[in-house]
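Index from 1, following the sequence.
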Amino acid sequence: MARVRYFAAAAERAGRPEEDRSESSLGALRDALSREHPGLAAILPKCAILVDGARVADTTEIGPDVTVDILPPFAGG
């Protein structure tokens with residue numbers, strides 16, 4: 001299972017700092033998270049989503065040994 005880590009407002013809206021997920025692509029993960037965490041769905045399109053530290057397309061397959069970080073936009077500098 002992929003490890004999904006939520007940061008700042010994303011963690012608040014998901015109601016947890018991290019979870020394990022079994023979706024096979026980043027797009028499928030986005031869809032499932034939007035359905036399961038309605039509060040997160042509102043900000044997810046604005047979040048940076050990194051798979052093992054890199055931005056990738058929604059068609060990218062995600063496997064059991066990856067880490068997906070969901071980072072909301074941060075204000076300030």
Notebook entry, point to check: With sequence neighbours left out, what residues match Ala28 under side chain to side chain contact (heavy atoms under 4.5 Å, CB included)?
Noted result: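 Scan of Ala28 (side chain to side chain contact (heavy atoms under 4.5 Å, CB included), adjacent residues dropped) gives Glu23, Ser25.
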Enumerate, atom names and distances included, each donor-acceptor pair closer than 3.5 Å involving a side-chain atom of residues 38-58, sequence neighbours excluded.
from  : atom 1 : to    : atom 2 : distance (Å)
Asp52 : OD1    : Thr67 : N      : 2.9
Asp58 : OD1    : Arg30 : NE     : 2.7
Asp58 : OD2    : Arg30 : NE     : 3.4

Note to self: Please report the interatomic distance CE(Met1) to CD1(Ile62), rounded to the nearest 0.5 Å.
What the structure shows: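 Between Met1 CE and Ile62 CD1, I get 11.0 Å after rounding to 0.5 Å.
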Next item on the list: Tell me, please, which residues at least two apart from Asp20 pass side chain to side chain donor-acceptor pair (under 3.5 Å).
Entry: Arg3
Next item on the list: Any chance you could lay out the side-chain contact (heavy atoms from CB on, under 4.5 Å) test for His37 and Tyr6, step after step, and finish with the verdict?
Entry: CA-CA 12 Å; His37 305 294; Tyr6 303 101; 4.1 Å; yes
Margin query: Using every non-hydrogen atom in the two residues, find where Gly63 and Ala2 come nearest and quote the distance to one decimal.
Written below: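 Heavy atoms of Gly63 and Ala2 come nearest at O-CB, 3.6 Å.
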Item checked: Cluster check Val66, Leu29: I/L/V/M/F/W/Y, side chain < 4.5 angstrom ->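 Val66 clusters together with Leu29.
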Item checked: salt bridge (charged side-chain N to carboxylate O under 4.0 Å, His left out): pairs with one or both residues in residues 60-71, sequence neighbours excluded ->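 Sorted pair list: Arg5-Asp69.
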Margin query: Taking salt bridge (charged side-chain N to carboxylate O under 4.0 Å, His left out) as the cut-off, I'd like each qualifying pair that reaches into residues 31-41, sequence neighbours left out, listed once.
Written below: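 Sorted result for residues 31-41: Arg21-Glu36.
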Check: Does Leu26 reach the side chain of Thr59, with side-chain heavy atoms less than 4.5 Å apart?
Finding: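 Side chain of Leu26 against side chain of Thr59, heavy atoms only: no contact under 4.5 Å found.
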